[in-house]
Amino acid sequence: MPCGDLLDLNDCSVTDWKNLIKLADDIRLNPRDYMHRCEGKVLATLFYEPSTRTQMSFQAAMLRLGGQIIGFDNPVNSSVSKGETLMDTMRIVSNYADIIVVRHPQEGAARAASLYARCPVINAGDGGHLHPTQTLTDLVTLSTVKGRLTGLRIGVCGDLKYGRTVHSLLKAMSRFEGNRFYLISTPELSVPDYCKEILDNAGCPYEEVPALDDCIGELDVLYMTRIQQERFATPEAYEAQRGVFVLTPEKLQKARADLAILHPLPRVDEIDPAIDEDPRALYFTQARLGMFGRMALMLRMLEDDITIHSEREHHLHAAVCSNPRCITHTEKYLSRSVCKDENGHDICLYCEEKC
Amino acid sequence: MPCGDLLDLNDCSVTDWKNLIKLADDIRLNPRDYMHRCEGKVLATLFYEPSTRTQMSFQAAMLRLGGQIIGFDNPVNSSVSKGETLMDTMRIVSNYADIIVVRHPQEGAARAASLYARCPVINAGDGGHLHPTQTLTDLVTLSTVKGRLTGLRIGVCGDLKYGRTVHSLLKAMSRFEGNRFYLISTPELSVPDYCKEILDNAGCPYEEVPALDDCIGELDVLYMTRIQQERFATPEAYEAQRGVFVLTPEKLQKARADLAILHPLPRVDEIDPAIDEDPRALYFTQARLGMFGRMALMLRMLEDDITIHSEREHHLHAAVCSNPRCITHTEKYLSRSVCKDENGHDICLYCEEKC
Amino acid sequence: MPCGDLLDLNDCSVTDWKNLIKLADDIRLNPRDYMHRCEGKVLATLFYEPSTRTQMSFQAAMLRLGGQIIGFDNPVNSSVSKGETLMDTMRIVSNYADIIVVRHPQEGAARAASLYARCPVINAGDGGHLHPTQTLTDLVTLSTVKGRLTGLRIGVCGDLKYGRTVHSLLKAMSRFEGNRFYLISTPELSVPDYCKEILDNAGCPYEEVPALDDCIGELDVLYMTRIQQERFATPEAYEAQRGVFVLTPEKLQKARADLAILHPLPRVDEIDPAIDEDPRALYFTQARLGMFGRMALMLRMLEDDITIHSEREHHLHAAVCSNPRCITHTEKYLSRSVCKDENGHDICLYCEEKC
């Protein structure tokens, strides 16, 4: 099992998280102390699908630590991604770079990449599976703007069914004491059962709320997410329900004065731009804090202060993953391994779907 | 009104220009004195249409000051430009960068961008509107190769109707004493009336000249520009007139020994490559000097020595801009503001077309 | 004739090669001694066709010397490559950069580029013509992993007819004493006569071998290359012959314990991934060593310790090159020059095909 990779934020302990948050905070307040810390280091950003915002955040983070950057931003332009296995690309690029950030449209691709890289790998999003530095961004932001990660009343609003960002946030925040969740969505886009199980197992109170209006006055944090209109049967169905999801100045009138409004960005229509100048609108601050979170993460990974590793038990039996979006379907050389999840079920090592 | 942006070179005073030219000169002569001046700074080059030459000039400029670079070169590859407003992109990127250079196909886009960025913005070309660092390049070049910006006999040749480069150059050079202009073109592609008004108001003598041959012997400076064959009704019409516009070794025989031949590049057919080795051919030197001009500009903007701001009067009434290429037509959240031009007419704040 | 370019590794003496290898070795062992050596220098990588691996190798090399990078990776995104001659692009970019690496699909493009650049140019592959830093990579690798460049039994396997990598390797290794070559291929893809002439002239023993199995036990070095299935009349023809070319764990059982298996990468099917963990599999090490070779090369070119120049005799008579892939067919301004090859034949100055 490779050490030193960041594939899933849950492979780190809460103590690791707190240390990262503390370090991110110190970097933000004392940037000059860190501007030479990664001198001589090279980051490769290998983006098998474009995600300019995330890529620029990582690049700026490494440059502000004194390191340098190489990489590609689109497979169409890149000979690396044509006719070469992910395995070979990782082996070659880890000769050039000291740390690799991978973004890939297939689920489990980051774990597959980490098996062959000879340097630390960070998952910058593998399909609908995980995006741990977004969750790290959210933790750094909550800690910075609310001063704590405990005892918060957190509303999450939007597409709670497909939004991996929300699932990861719920899982992460359920590990801190005293948080209460308001799951604001329509029945069609409500949180999947496995997320509710996580909250139940952690003993976190939560309630499903049919519209933003119904709970906005109680919230410390409102985490908005994108609604993809394609999720709805018809444009009319979307229009009929958008009142549930869209944050407007009118709705905000009922909110607390210290509400923190977050959004992973990019937004489409979910937040009226008229709110942007409200001091409670902290989604651009969140993007900024994410850069400091990534600086903290890369610094610790490169300085070997941190060893992130999964403690999962592996079985090397020849299971074929049934998830069609799993990386094992295109990268045939991968050993088809399963491991146990928290409940003892066999899951694919890569995409973590049940086998 | 944002301060510290460079959207239009005419927002700077002639004194500002002279200081920039002097600084560019010092950087060129003493590059080692400047190689760490922007250490720790990050430039983002956001190119919504490709312009590799301009982008590389800015990138090399920042790197030679000790700074670093991020950005994108093509909207097709970039998730930033898909489904995200220019406003949101600027807010996010200004979290990562200390200075932003924007190139955009729509007129007024740079001003729109500057309203939302939390760091200085440089306009690297917004459609057919403005391209102030090209004009700065031209000023630095004239000052360096002629030793002065006054008392010059300046020929401008080519498409004088649509070429924004020439319009800006005429406007800028009319602010210095004793310059005389030769406008060399066909009637179809002659200088628009508003440029002649500028020259008239400044008291600059000028004459319209039907062919290069007629005045080349009198010139201190010959500024050549691209002819787009699409401007002509037929290929035959172009061929019939190309003698007016194309510089050949034969025509050059009549020129003064100290003529300076400039061109904003890329050239197509306007200058015969046989001239390239002539010491009067200074268009590649011009490209080099442009890099030093950009170094001077970014250095002063980052060190806060310079505050560039428009003194125009703003009216915030709801005018819809009638220019179909204006950024206000696609970025709907922009306030449709008008301001007054030099003659007191209402013009669109963004693209500066009359409303 | 421009000096200081690397267009063809054979323009350097064997002493130059040995010095580069020695320097690459020292950089690899003492990287911190070199991490500021190119401070203030800018590399431009101008890739007129994508080759991400090669581009990242050069970029990482320059960054690890303390220099910086600009450039483009795809002509489709680049305005430089549209409507601008290679000549003008080189003149402009050499204003911004201190050294230029060019990759181009047409043969002879690197030499054409070098005629107009005002800084050193490195050929990173010009069509099917040359790719000298791949050959440098191979020399550095053989020297490092075998401890010598003499007295080696070297098998080359695969498409020996079209593979420029193999041709260059044979030519280079024939300049060292005591090397013996095993040319492993099918008759359809065997080494062209001109390569055999080089070996004959150098007095190097060689034999043509019909299958890998027949000689693998005798080899010190096995250099594998890509087979392009398009070279075969039918997929069945390829399948019938693949046993000749494909390296499997079974075949490897007969090999010496100190065999070095190399491959220029990317591989397709020629090497079974089951071999990758074998200590004799050194193709990923080779990619790593290539970066150090490129560091050594750029360092010496920038520090002016090395002057590489062709000693060929030039005739400036107006020959039109008959090679349709030659750069002279698209860049019309190039003087159609011929020079003499080793045998006194007239060859095109650019692509080196016979005229």
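We name chains A, B, ... by the order of the sequence lines, and we start the count at 1 in each one. Atom set for the values below is all heavy atoms of this structure, side chains included, hydrogens, waters and symmetry mates excluded.
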Residue part contacting chain C, namely of [X], when any heavy atom lies under 4.5 Å:
X: B:Leu265; result: side chain
X: B:Arg267; result: both
X: B:Gln55; result: neither

Nearest non-hydrogen partners of B:Ile69 and C:Ile69, listed with the distance: CD1-O, 3.9 Å

Heavy-atom pair of closest approach, residues C:Met87 and B:Pro273: CE-CB, 3.8 Å

Salt bridge C:Arg91-B:Glu277, side-chain N to carboxylate O under 4.0 Å: yes

Chain C contacts, top residue of B:Ser57, B:Ala287, B:Ala274, B:Ala60 (heavy-atom pairs, under 4.5 Å): B:Ser57

Top of B:Arg64, B:Glu49, B:Gln68, B:Met291 for chain C proximity - count of heavy-atom pairs under 4.5 angstrom: B:Arg64

Atom NZ of B:Lys146 with >12 non-hydrogen neighbours under 6.0 angstrom: yes

Part of C:Ala44 within contact of chain B (heavy atom distance under 4.5 Å): neither

Nearest-0.5 Å distance, CD1 of residue C:Ile92 to OH of residue B:Tyr283: 11.0 Å

C:Leu43 side, atom CG; B:Leu63 side, atom CG - distance, nearest 0.5 Å: 11.0 Å

Side-chain (C:Asn95) to main-chain (B:Phe284) donor-acceptor, under 3.5 angstrom: yes

